[in-house]
Amino acid sequence: MTNGRESHDLWALGDCIVKPLSAGTFLLVRRDTGAAAPLDEVWKPFLRNLTRFRTLPGHAAAIAGASDQFRGREPSIESALASMLPTGLFVTARALGEQLVTAAPAAGELPPGVLAITTCDRPACLERVLESMAACQERLGEAIPCEVFDDSREEVNRLRNAELVAAAAQRFPVRYLGPAEQEGFLNSLCARFPEDAEPLRWLLSRDHPENRGQPSYGVPLNHLMLRHAGRRLVLVDDDSVLDGWVGRDAGETPVFEETSATASVFSDIGEARDSLRRFSGNPLGAHVGALGSMVGGFLSGFYPAHAIAGAWGRSGSAEMVDLEPADSRIRSTTNGLLGDPGTDFDFKVINLLPATVVTNEDAYRSFRESPRCLFSGSGQPVLHRQETFQRATVAGIHLDPYMAPVLPTGRGEDDMLGFLMRFLYPQDLGLRLPFALEHRPPSARTWIMDSGALDPSRWVAFAGIKQWLPDVPVPRSLDPAEKMRLAAVGLERLAAGPDAVQRLSGGRIAGYKSVLADVYSDLVQALESHPDGCDAWKGDIEQVVRHIQGEFKAPGRIPEAIAQRMVDRVKRYAGAIPAWNRAFAFRRDEGPECSA
């Protein structure tokens, strides 16, 4: 049996490796301490489950609920878990939290923060966000430098954008980066590293021959990350409005968690605002204030050392056993969204609709014809494993000491950046701030409930890198730039393999069908939950379900030419990493005064 404290503490299995022993047993060894113990094979299916912080009764209930073999045997499971505690395989949230606070180095001076607005042929949106930013800057008291990266294609829009930035510069420090400034910056790098000019132009210019005529969403991001290497960069989308909104019961105390933000659907922005309350803080200050902070130092501003286990929340479900107390930082910041959810599957909202809409034909058709309006937010600040990174409104990246580039063309640049942050900085966390900022595209878009949103080309852009990078053996403890250099060598080797096209194609299809399976499960669950749903609602779901069923029956092949292009992109990206690393180190060490 467990004593009182053991029963109430939150426990998790440490970061362990499994070594085979005799038949029916295996050896579990903690990577950090070397603590080890032999365990019966019966525990193997539950090892991942045990890495989440829970009370011992909570672990026992989770195991019993996941296995018919153990259902109803919670007391014996709890007793068995308690007998493992002396082995040192487990860690408590209380102990880890205290280490985070006490082992974190004294707060040093963080590198400067800079704001960057990216805009493309939307002067009206830029004018609105500049006005919104001016109000935020005035409330901050100490202005944060800002740049506007103009990716516009039309000359008339570039001229108007430059005028808007010049006018805004009378209110707060903001600088215009148009084609001339962008080209000047790139030329200065190419002059400094002439042998790297070609890969740098591929990463940083939409006019590179391989990038022309393609959606070059990654180019502005690469340009800004390199321009501000070593700094804290907060990215602002031009169709956002810096008005913060939170749920009525939202709190300010951070917790560790892994679940997605909660979401609600509204008929219009007015209805949403009526059910929320204004965020009392400053959104820009919240991003800049947290970005780059040591996790322990950040938490100590909210919890006394003896109560730090409260950061794991009442559920204690976050998987954070391999945090490094002396070296874990907040690597990225994001916030919620109010308004148009951007590029996403519209039918994800099916399970968010109230029964009054689902069951009423007129109400559902009215919803379908209304502008897309979603609130996504969290009840309090959430520290997470950077499982998502989205720049729909505002997002921050800590660029010290290093960050790898994203692919210059194709979609998925946010997902790729989040993936790279997890790879390069496994000890670091993302912070999801509790407020939502308004996302207002220039024209309202209605909900689209059809299977076209499941086009597999959405995931092609960095599919090869995502599939192969985890297979490259790179020591976790390496400097991140060296880690990326070795990873690039491994990617080039994998892409040069004789079966590279077949392996990448197979992995791509498997990933696509995994996404389909998740969507299918959600839609079937919705149908089962509302057998009384109206015909229009059922019709929307059923046509997507039929599409998915057809995709599962299809042979699942990617045309060889497309698969070959995916492999070629991996080679191209890996080959550009040495040039990027040299330019990044130069920019980081020379500082912002070198900006062209």
Side-chain angles (χ1 to χ4, degrees), residues 215 217 260 263-265 340-355 357-374 376 388 390 392 410-416 441 444-464 466-467 501-563 565-566:
Y217 296 101
S260 302
S264 303
V265 179
D340 192 299
T343 53
D344 212 341
F345 304 133
D346 284 1
F347 43 77
K348 280 185 177 179
V349 305
I350 285 289
N351 280 317
L352 301 177
L353 297 177
V357 172
V358 169
T359 58
N360 185 293
E361 197 83 21
D362 291 337
Y364 181 70
R365 291 188 182 279
S366 175
F367 156 76
R368 288 277 270 103
E369 295 166 2
S370 65
R372 300 197 300 175
C373 185
L374 183 81
S376 68
T388 56
Q390 185 182 38
R411 292 311 309 256
E413 70 282 1
D414 289 356
D415 289 340
M416 183 172 181
R445 296 177 288 195
T446 57
W447 299 101
I448 302 173
M449 302 292 181
D450 65 39
S451 55
L454 285 171
D455 178 2
S457 64
R458 293 173 60 110
W459 297 283
V460 166
F462 80 107
K466 186 175 183 179
Q467 181 176 326
V501 170
Q502 290 76 16
R503 285 190 293 110
L504 192 56
S505 177
R508 173 69 190 86
I509 290 295
Y512 171 53
K513 291 196 172 181
S514 175
V515 171
L516 292 181
D518 290 341
V519 174
Y520 183 85
S521 176
D522 288 345
L523 296 181
V524 170
Q525 179 186 343
L527 287 172
E528 292 174 348
S529 299
H530 294 287
D532 55 347
C534 67
D535 290 342
W537 177 80
K538 286 181 179 178
D540 278 343
I541 295 180
E542 288 168 351
Q543 62 92 11
V544 177
V545 166
R546 286 193 300 271
H547 171 80
I548 293 175
Q549 289 171 336
E551 290 291 281
F552 278 132
K553 293 176 182 177
R557 295 192 189 96
I558 293 179
E560 187 170 343
I562 293 177
R565 286 201 297 270
M566 293 165 63

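Numbers for residues simply follow the sequence, beginning at 1. Quick caveat: nothing in here was measured; it's all calculated off a predicted structure.
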At what distance, to the nearest 0.5 angstrom, does [atom1] of [X] lie from [atom2] of [Y]?
X: Trp447; Y: Asp340; atom1: CH2; atom2: CG; answer: 7.5 Å
X: Gln525; Y: Glu528; atom1: CD; atom2: CD; answer: 7.5 Å
X: Glu369; Y: Tyr364; atom1: CD; atom2: OH; answer: 11.0 Å
X: Asn360; Y: Ser366; atom1: CG; atom2: OG; answer: 9.5 Å
X: Leu523; Y: Asp540; atom1: CG; atom2: CG; answer: 10.0 Å
X: Ile350; Y: Trp537; atom1: CD1; atom2: CH2; answer: 6.5 Å

Salt bridge check, Asp415 against Lys466: does any charged N sit closer than 4.0 Å to a carboxylate O?
no

Do the side chains of Arg411 and Glu413 get close enough for a salt bridge, i.e. N-O under 4.0 angstrom?
yes

Answer yes or no: does atom CD of Glu560 have more than 12 heavy-atom neighbours from other residues, nucleotides or ligands under 6.0 Å?
no

Does the [X] side chain pair with the main chain of [Y], one donor and one acceptor, at a distance under 3.5 Å?
X: Gln543; Y: Met449; answer: yes
X: Glu542; Y: Leu527; answer: no
X: Lys538; Y: Pro531; answer: yes

Identify the heavy atoms of [X] and [Y] that sit nearest to each other, and give their distance.
X: Leu504; Y: Gly464; result: CD1-CA, 3.2 Å
X: Ala355; Y: His530; result: CB-CE1, 4.1 Å
X: Lys513; Y: Ala554; result: NZ-O, 3.5 Å
X: Ala463; Y: Arg508; result: CB-CD, 3.8 Å
X: Thr446; Y: Arg372; result: C-CG, 3.5 Å
X: Val265; Y: Leu353; result: CG1-CD2, 4.2 Å

Under the side-chain contact (heavy atoms from CB on, under 4.5 Å) rule, what do Asp522 and Asn351 come out as? Steps first, then yes or no, please.
CA-CA 8 Å; Asp522 288 345; Asn351 280 317; 3.8 Å; yes

